[in-house]
Amino acid sequence: MKQKVEEKIVKREEKWSKYWEENRDLYKAGGKKGKKKYVLVEFPYPSGSGLHVGHAFSFTGADVYARFMRMKGFDVLFPMGWDGFGLPTENYAIKMKRKPQEVTKENTDMFRKQMKRLAYSFDWDREVNTTDPSYYKWTQWIFLKLFEKGLAYKKEMPINWCPSCKIGLANEEVVDGKCERCGHEVSQRNLSQWVVKITDYADRLIEGLKKTDFIEKVKSAQINWIGKSSGAKLKFKLKDKIGEIEELEVFTTRPDTLYGATFMVVAPEHKLVKALFSNASKIASERSDDERIDKIREYVKQASKKSDLERAELAKEKTGVDSGLMAINPVNGQEIPIWISDFVLSSYGTGAIMAVPAHDERDFAFAKKFGLKIVPVIKGAEDHDFEESAYTEVDRGEMINSGDWNGLLPQEAIKKAIDFLKDKGIGDRADNYHLRDWIFSRQHYWGEPIPMVKCPKCGWVGVKEEDLPIELPEVEAYEPTETGESPLAKMIDWLKTTCPKCGGPASRETDTMPNWAGSDWYFLRYTDPENDSQFASMTELKKWCPVDVYIGGDEHNTLHLLYSRFIYQFLYDLGVVPQDYPEPYIKRISHGVILGPDNQRMSKSRGNVIIPESVTKQYGVDVLRCYLMFMGPFDGVMAWNEKTLMGVKRFLDKFERKVLLAVEAIDKGERLIEDEIFLVKLNQTIKGVADDLEKFKYNTAVAKLMELVNVMGINNEKLGISKESLRAMIRLLAPLAPYLAEDLWAKVGEGSVHASSWPEVEKRYLVEDEIVVPVAVNGKRRAEIRIQKGLAKEEVLKRAKEVDKIGRWLEGKEIKREIYVEGRMVNLVVG
RNA sequence: GCCGAGGUGGCGGAAUUGGUAUACGCGUAGCUCUCAAAAAGCUAUGGACUUUAUGUUCGUGAGGGUUCGACUCCCUCCCUCGGCACCA
């Protein structure tokens, strides 16, 4: 049964929306007295379907915080903008034969309008749009700097190709071997790509986290993603040189187990395999072994056909082929065979491993399958049954079968092993990371053009800074091409240019940047959005950076946050951002997820989507906002529940009714005595709500306001509440329900409630004169006593023992101990 | 497998440094108003027990421990959710 929201509420929302629009200074950042507070919420991708309830949830949470901080006297920067580049807009434009620029404009207009209705207190004078040439000029500028510093390079490499989106994907955008966006299986394709060396910052990205106040799960997600492991790199000599190759380098985290290395494995893509093929005839004649070479060829061919997904799926069953080559284990001089297998990844470490089958499950499985030698080197493994599994309790036992390392604990043996490698000049300690360099090219139209020029003489040259921005030209067709070229490649006029270095004929890069590029640094642009000569002036950056609180979704905890931190650290190294704090964000808060009423993720196909606009049409904006904040913890996963929403509506109605009654009584000049219980509760609420809002505990903040209203006397009774108290309680509501608060404020206060300050606590009401203290016997509560606050311990204990109910428990027993926790409780221990 | 976060009524969830477990809301039951319903309001509401009370007892995933006292701290285990994962 859809009911229309009451006329009254519609009028109220219209009235105050207009008022706020006319009084924009309310939410303007800068020029205020207090300390700065930069509150940032992830800006949205302006899709064609408008704000969804997830947006409403996170923006409301951010808005409540920003409003609260303003009332606490901070000079708050709370901006909003648009992450406008992206495939959906491009696809829509292709389908409707329209310009993406126009579509984006329409969508952002719609988003802005909806946000204003939801009373978000953004400083609209600082709006940014990543698709605006005056914005992406600086996105391109950052790329030029990366290139200048050698952190961007072009490389022909196999990339993840989504045949459906016709676009190259970063490793990060491939989930379970499928395109993150469309779910299509990803294939490999060789393309020349711009790559950004984020790996150079891997350690810094881990270290920097220590300085931040991110929640634990975000820190660990980032650390896991970077995936640092420490160990050693070492070279094994080949028994016989193959082509130019004399040795095989591996990475291991456990150089201490070197004596247990009984074979080696290289990835099918390893250069050793290629060397094997190019020297095949020689090997064949020397060893009359071309059958083996054929077998290897066949294996490598099969492996190359498998996608990463297939390789992982077939993980249980190891496959491989003997290369016929032998290496020499440097610790004991033993000759060990080199195998080829796709369980070794070419993209990690050196693409080759030393296998210690006794203590590694994968090496073990491989050894079992191909009948390779297993030598245990860690104490405890002697009694282990090596028929079934590897012995993996490798952190505590002493070394065995390991020459003069015998008896050492693993940590000591690792040190010794590294010393040994260094002495011999065949290795050293080394770190490895799961993090890969960042593939930065996309073969699409609707993105920032990469500002590079290819000159036949000079190679890749960055465009001149004064020529930025390199604007997207208007094209006839936006369709991506089968060849993997961007649609821009068809724009001959745009393509042709001159080399910035030598002035000769040259052509532009036609790939565009990934979505992440524009969102890496948008928070910096908010500080100085109109600046034409810099991405932001140092003065403004110093004024607002770093971001105090960054509110966003878990889905951005690894990629966006990592890229963004990386770019900030890079800008920090350039010296173009303030040097007193090396991280962009002090605190990261993740907002939760709202599920449909059926407890399932909202989706159009399930038909369980809740649209904020239809909720506000039915109940009003304040109800939606308060409900969203009351549903559960801000970072929780919660299902939409209309019944609970009705409860919130009842609360707001009650709040309004009671305040109006009290106002009426004041206006009539009725002399009513203010209720002491109410005053105590009011002051507790002022403190409690402030504490909660500070910590993003919105659900309990709303609960406390409900409690306050609940003690405001029985309905319809004359309420003796002073104007001052009413002003306080309306201000408490203001961050959560801005319309109702403004409406009620108009009756008791001056100006806008949103320009008022947070009410002061009157401490004398914070502690009641008379308090109730529970009395326990042997830790179980048996009674309670009312006492005057501050009563002496002896007196409290005496009173406690006098209580009838307690006497019963003490009868015939000896009191062994008497405990009184000031104002908290009494405990009598009897035997 | 590794890392992280959790497990509290019929449900969503509260609980400062260890100090009245279940705030607040939903649901449910009874009542008021009403011709009636809706809306609104009031009251009750963790389980079990019987002596129905100013009652007893059990209760925060399971089992131990520390403590006068444990949802909270320690140990062992189980389960759920999230991240990473043939990463050597």
Side-chain angles (χ1 to χ4, degrees), chain A residues 1 215-229 231 250-254 257 261 265 267 308 311-316 318 341-345 347-356 359-363 365-366 392 432-436 554 557-558 590 627 630-633 635-639 641-648 650-651 653-654 657 688 691 697 699-710 714-716 772-784 803-806 808 816-830:
Chain A
M1 194 76 98
I215 42 173
E216 204 46 47
K217 77 167 157 185
V218 177
K219 286 190 185 182
S220 71
Q222 297 225 343
I223 289 169
N224 282 340
W225 187 265
I226 297 165
K228 179 175 181 168
S229 39
V250 300
F251 171 74
T252 177
T253 53
R254 295 300 297 260
T257 61
V265 188
D308 282 353
R311 281 198 187 185
E313 267 177 2
L314 301 168
K316 294 145 225 156
K318 295 273 180 288
S341 171
D342 63 7
F343 88 83
V344 173
L345 305 174
S347 52
Y348 183 77
T350 62
I353 62 157
M354 63 175 223
V356 184
H359 304 296
D360 180 281
E361 279 168 32
R362 293 152 306 171
D363 297 350
F366 196 82
T392 52
N432 246 305
Y433 305 88
H434 295 185
L435 185 71
R436 308 287 154 81
D554 284 341
N557 282 346
T558 42
S590 64
Y627 168 63
F630 181 66
M631 285 179 88
D635 60 356
V637 178
M638 300 150 293
N641 183 336
E642 191 105 1
K643 290 266 173 60
T644 304
L645 182 140
M646 289 305 293
V648 173
R650 274 196 281 275
F651 153 67
D653 288 347
K654 219 189 292 182
R657 201 169 56 235
D691 290 349
K697 295 170 81 174
N699 54 335
T700 52
V702 175
K704 285 182 172 102
L705 288 169
M706 287 172 167
E707 286 184 63
L708 177 66
V709 172
N710 288 346
I714 313 292
N715 184 44
N716 294 337
V772 177
V773 175
V775 180
V777 178
N778 285 345
K780 281 206 190 298
R781 195 183 74 94
R782 296 301 178 186
E784 54 195 34
V803 179
D804 285 357
K805 274 197 277 185
I806 296 302
R808 203 188 313 166
K816 288 183 169 167
R817 208 168 151 185
E818 300 172 350
I819 294 145
Y820 173 54
V821 183
E822 173 85 44
R824 283 287 190 180
M825 82 174 309
V826 173
N827 191 16
L828 303 171
V829 184
V830 300

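The shown structure was predicted, so the numbers you read here are calculated from the model rather than taken from an experiment. The chains referred to below are lettered A, B, ... by the order of the sequence lines, with proteins before strands, and numbering in each begins at 1.
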#### Entry: Phosphate OP1/OP2 of B:rG41: any A:Arg657 side-chain N/O under 4.0 Å
yes
## Note on the structure
Base-paired stretches in RNA chain B with three or more consecutive Watson-Crick or G-U pairs, both distances under 3.5 Å, amount to B:1-7 with B:78-84, B:10-12 with B:24-26, B:27-32 with B:40-45, B:46-49 with B:55-58, B:61-65 with B:73-77
### Query
Do you know which of A:Asp635, A:Asn557, A:Asp554 makes side-chain hydrogen bond (donor to acceptor under 3.5 Å, both in side chains) with A:Lys217?
A:Asp554
Could you tell me how far apart [X] ([atom1]) and [N] ([atom2]) are, to the nearest whole angstrom?
X        : N      : atom1 : atom2 : result
A:Arg782 : B:rG69 : CZ    : P     : 14 Å
A:Arg817 : B:rG19 : CZ    : C1'   : 14 Å
A:Ile226 : B:rA85 : CD1   : P     : 13 Å
A:Asp635 : B:rG12 : CG    : C1'   : 15 Å
A:Arg254 : B:rA88 : CZ    : P     : 12 Å
A:Lys228 : B:rC2  : NZ    : P     : 22 Å
A:Glu361 : B:rC2  : CD    : P     : 10 Å
A:Leu828 : B:rU20 : CG    : P     : 16 Å

### Task
Look at the side chain of A:Lys816 against the base of B:rC68 and say whether a donor-acceptor pair falls under 3.5 Å; ignore hydrogens and angles.
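Result: no qualifying N/O pair found.
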Using a heavy-atom cut-off of under 4.0 Å over every strand shown, decide if [X] touches base, sugar-phosphate, or nothing.
X        : result
A:Ser347 : nothing
A:Met631 : sugar-phosphate
A:Asp360 : nothing

With [atom1] as the reference atom in both, quote the distance from [N] to [M] in angstrom, rounded to an integer.
N      : M      : atom1 : value
B:rG6  : B:rG13 : P     : 14 Å
B:rG59 : B:rC71 : P     : 10 Å
B:rC24 : B:rA14 : P     : 14 Å
B:rG65 : B:rG82 : C1'   : 31 Å

### Query
Between A:Lys318 and A:Phe366, is NZ or CZ placed under 6.0 angstrom from the six-membered ring centre and within 45° of the ring axis?
no
### Query
From B:rG69, B:rU16, B:rG13, pick the nucleotide closest to the side chain of A:Pro633?
B:rG13
### Query
What nucleotide among B:rG41, B:rC68, B:rU56 has an atom nearest to a side-chain atom of A:Ile819?
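The listed nucleotide nearest to A:Ile819's side chain is B:rC68.
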### Query
How long is the span from the CZ atom in A:Phe630 to the OG1 atom in A:Thr700, to the nearest 0.5 Å?
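Between A:Phe630 CZ and A:Thr700 OG1, I get 10.0 Å after rounding to 0.5 Å.
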### Message
If I take atom CE from residue A:Met706 and atom CZ from residue A:Arg650, how far apart are they, to the nearest 0.5 angstrom?
### Response
9.5 Å
#### Entry: Contact pattern, 5' to 3', of nucleotides 79-84 of chain B - B, S or - by protein heavy atom under 4.0 Å
----BS
#### Entry: Annotated protein contacts, base or backbone, on nucleotides 22-32 of chain B with a non-hydrogen cut-off under 4.0 Å, one of B, S, - each
-BBSSS-----
### Pairwise 5' ranking along RNA chain B for A:Val829 and A:Thr253, keeping only the more 5' one
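Upstream on the strand: A:Val829.
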### Task
Would you name the heavy atoms of A:Asn710 and A:Lys654 that are closest together and state the gap between them?
OD1-NZ, 3.4 Å
#### Entry: Flag, side chain of A:Tyr627 to backbone of A:Glu642, donor-acceptor distance under 3.5 Å
no
### Query
Would one find more than 12 heavy atoms of other residues, nucleotides or ligands at under 6.0 Å from atom CD of A:Glu361?
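Open.
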